[in-house]
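Below is one structure; the comments refer to it alone.
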2 protein chains.
Amino acid sequence: MKSEKISEAVVRRLPVYLRYLNALNKREVATVSSQDLGHRLNLNPAQIRKDLAYFGEFGRKGIGYDVTYLIEKIRHILKIDQQINVVLVGAGNLGQALSNYNAYLKDNMKIVAVFDALPEKAGTSINTLVVQPMDQLESTVKKKNIRIGIITVPDFEAQQVADKLIESGIEAILNFAPIILKTPENIRVHTTDFTTDLLSLAYYLEDGREETEDDSE
Amino acid sequence: MKSEKISEAVVRRLPVYLRYLNALNKREVATVSSQDLGHRLNLNPAQIRKDLAYFGEFGRKGIGYDVTYLIEKIRHILKIDQQINVVLVGAGNLGQALSNYNAYLKDNMKIVAVFDALPEKAGTSINTLVVQPMDQLESTVKKKNIRIGIITVPDFEAQQVADKLIESGIEAILNFAPIILKTPENIRVHTTDFTTDLLSLAYYLEDGREETEDDSE
DNA sequence: TAGATTGTTAATCGATTAACAATC
DNA sequence: TAGATTGTTAATCGATTAACAATC
């Protein structure tokens with residue numbers, strides 16, 4: 001166990017480990033080696049061992065990692081050994097799609113409220129949740145102890161919504177609008193942008209141009 | 001202009017540059033410096049210059065970059081100076097949400113067909129597109145010259161759908177299912193996973209534990 | 001004991017940033 | 001000419017991978 005700063009790359013691999021460990025657990029596999037994990041997840045075994053070692057000594061030499069124990073540890077590291085409540089702002093198709101993931105997120109994260117800026121959306125239902133108007137955001141965030149906000153509104157509304165979320169006391173934001181949010185530095189923001197993903201994929205298309213095809217990977 | 005291999009990090013920044021350049025263009029800003037761009041996009045100006053320099057000399061010393069010229073160049077690099085046709089498989093909420101982005105993607109990428117594995121979905125409509133059954137995939141991909149596939153099916157179907165897409169002649173895949181697809185190495189795959197994003201955000205929550213808060217960033 | 005596998009240090013690799021001559 | 005800004009090389013930083021002693 002060392003007290004180095006943990007890079008974001010490491011943190012983003014933890015949920016990937018967790019997912020596969022959960023699958024192993026379901027199959028009642030008791031133990032897994034960094035070798036196995038690496039092979040399955042296309043990662044270097046040394047990297048996996050190093051990632052985990054940032055947080056403690058979870059394995060046993062000669063044996064590997066106990067699956068249920070490691071699950072427990074990663075859940076603790078990710079702070080999802082307690083339920084984390086999430087609010088979603090933007091009750092459009094994307095918001096609706098994401099709220100379907102609640103089942104997947106049984107790892108103790110849960111979307112517990114949905115808001116929309118359009119007053120006429122208020123009162124409609126998304127899955128089991130009733131869409132609320134924005135003026136109830138702060139009170140609901142506080143009442144339900146909501147700590148993470150998801151933004152699925154059009155880009156021109158996103159900054160305003162982010163501001164309101166932060167004002168309401170949210171600690172982290174997952175932003176689906178294709179803009180760079182201005183936020184205080186104690187608020188963690190991840191932006192995930194479908195169009196960026198898709199446009200960058202086009203780069204890798206083969207085509208009739210004189211590109212050198214030394215794309216070694 | 002050098003002929004080094006371009007890293008994925010560089011390629012993923014190009015659409016980000018493009019988006020902001022388009023915004024500048026709309027505002028009829030003629031010229032932009034790496035300084036300006038960096039400030040707006042939270043990137044180091046040297047990095048922006050270096051990224052662009054991989055592909056050519058697009059700027060003018062003492063002046064900066066001509067906005068419309070740079071847009072043209074980046075569009076060419078990303079290969080979206082021609083229309084790229086995209087197929088979406090999985091007509092659920094997420095598929096529907098993504099098909100709404102067609103308007104955004106006016107940069108010459110377009111979702112031109114939607115498929116679903118469930119026979120009863122066939123014939124229903126998503127935006128202006130009629131959902132087709134899977135057995136029409138290959139013929140449609142060929143007929144419409146579709147080159148990229150988006151997978152928005154449940155995780156247990158994703159590998160199968162990927163196989164079919166590849167068989168049909170697709171060159172790249174954007175995968176929204178939380179699994180690691182096995183694909184031939186000439187097929188480019190980007191996986192984007194909502195649950196990974198959300199779980200990794202939880203790590204950054206402040207809480208009552210003895211975490212050292214040297215999270216310097 | 002022999003074989004397997006961890007945790008960790010050292011080596012490598014790659015990406016970001018700084019610096020600056022060239023030049024508009 | 002003076003000021004601004006590029007393109008590019010060199011320096012720095014950080015992340016990944018290899019190697020191996022410790023040990024189950």
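Quick note on labels: first sequence line is chain A, next is B, and so on, each numbered from 1. What you are looking at is a predicted structure, and each value in this text was computed from that prediction instead of being measured.
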Open item on the list: Can you work out whether B:D51 or A:D51 has the more 5'-proximal nearest nucleotide on DNA chain D?
Closed with: B:D51

Open item on the list: Just the rounded figure in Å: distance from P of C:dT8 to NZ of A:K50.
Closed with: 10 Å

Task: Option among A:V112, A:L165, A:L137 that satisfies the side-chain contact (heavy atoms from CB on, under 4.5 Å) test with A:I146 - done: A:V112

Open item on the list: Looking at D:dT12, which nucleotide sits across from it as a Watson-Crick or G-U wobble partner, both distances under 3.5 angstrom, or is there none?
Closed with: C:dA15

Open item on the list: I'd like to compare against my own output: the B/S/- annotation of nucleotides 19-24 of chain D with a strict under-4.0 Å heavy-atom distance to protein.
Closed with: B--BBB

Task: Side chains of A:Q47 and A:D51, donor plus acceptor under 3.5 Å - done: no

Open item on the list: Can you tell me the base-pairing partner of C:dG7? Count Watson-Crick or G-U wobble geometry only, both distances below 3.5 Å, and say none if there is no partner.
Closed with: D:dC20

Open item on the list: Measure CZ/B:F58 against P/D:dT8 and give the value in whole Å, please.
Closed with: 11 Å

- [ ] Quick one: sort the A:F176 and B:F194 rings into parallel, tilted or perpendicular, breaks at 30° and 60°.
- [x] tilted

- [ ] May I ask you to decide if B:N85's main-chain N or O and B:K110's side chain share a donor-acceptor pair within less than 3.5 Å?
- [x] no

Task: Nearest-Å distance for atom pair CD/C1', residues B:Q47 and C:dA18 - done: 13 Å

Open item on the list: If you compare every side-chain N and O of A:Y65 against the phosphate oxygens of C:dG7 (OP1, OP2), does one of them come in below 4.0 Å?
Closed with: yes

TODO: Side chain of B:S33 only, please: which of C:dA18, D:dT6, D:dT17 is the nearest?
DONE: D:dT6

TODO: Find the distance A:Y54:OH to C:dT9:C1' and express it as a whole number of Å.
DONE: 12 Å

Task: N or O in side chain of A:S34 less than 4.0 angstrom from C:dT6 OP1/OP2 - done: yes

Open item on the list: Using whole Å, what does the distance between atom P of nucleotide D:dG14 and atom CG of B:N44 come to?
Closed with: 13 Å

Open item on the list: So if I apply the side-chain contact (heavy atoms from CB on, under 4.5 Å) rule between A:L24 and each of A:T31, A:D36, A:I71, A:V67, which one comes out positive?
Closed with: A:V67

Open item on the list: What I want to find out is whether A:E157 reaches A:K164 closely enough, with some N-O distance under 4.0 Å, to be called a salt bridge.
Closed with: no

Task: For atom CZ of B:F55 and atom C1' of D:dT8, their distance in whole Å - done: 16 Å

Open item on the list: With a 4.0 Å cutoff (strictly under), does any side-chain N or O of B:R13 reach OP1 or OP2 of C:dT16?
Closed with: yes

Open item on the list: Minimum heavy-atom separation for A:M134 and A:D116, please, with both atom names.
Closed with: CG-O, 3.7 Å

Open item on the list: Could you tell me how far apart A:E57 (CD) and C:dT5 (P) are, to the nearest whole angstrom?
Closed with: 18 Å

Task: Atom pair distance, as rounded to whole Å: CG in A:D66 and C1' in C:dT5 - done: 15 Å

